[in-house]
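Heads up, the thing below is written out as structure tokens.
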Amino acid sequence: MEKIGPSREDAYLIFAHNVQGNLAVNRLFGWKRETEFAHVQELLGAYSEGGLQAVSSRHDSHSSS
């Protein structure tokens with residue numbers, strides 16, 4: 001919340017989305033940490049970072065209005 005500035009409610013929604021998504025991916029991989037899993041973690045980390053940057057930009061544009 002400090003880094004990107006969403007409201008408490010928005011931060012909770014983002015958190016819940018990430019948790020459920022991570023659970024689904026772990027289920028797909030049978031909870032195994034194999035070679036492909038590292039690639040998936042990198043991919044999803046980049047996806048999450050891009051999403052957080054988008055939320056931050058959205059928050060910044062709304063704050064300056």
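A quick note: this is a predicted structure, and the numbers were derived from the prediction, not measured.
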So, Ser56 side chain and Leu52 main chain: donor-acceptor pair closer than 3.5 Å or not?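 Side chain of Ser56 to backbone of Leu52, a donor-acceptor pair under 3.5 Å: no, none is there.
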Hey, can you pull the donor-acceptor pairs under 3.5 Å for the side chains in residues 14-27, sequence neighbours left out?
{"from": "Asn22", "atom 1": "ND2", "to": "Asn18", "atom 2": "O", "distance (Å)": "3.2"}
{"from": "Asn26", "atom 1": "OD1", "to": "Arg33", "atom 2": "NH1", "distance (Å)": "2.8"}
{"from": "Asn26", "atom 1": "ND2", "to": "Asn22", "atom 2": "O", "distance (Å)": "2.9"}

Listed once per pair and sorted, the ring pair (Phe, Tyr, Trp, His ring centres under 6.0 Å) pairs that draw on residues 22-45, sequence neighbours left out: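 For residues 22-45: Phe29-Phe37.
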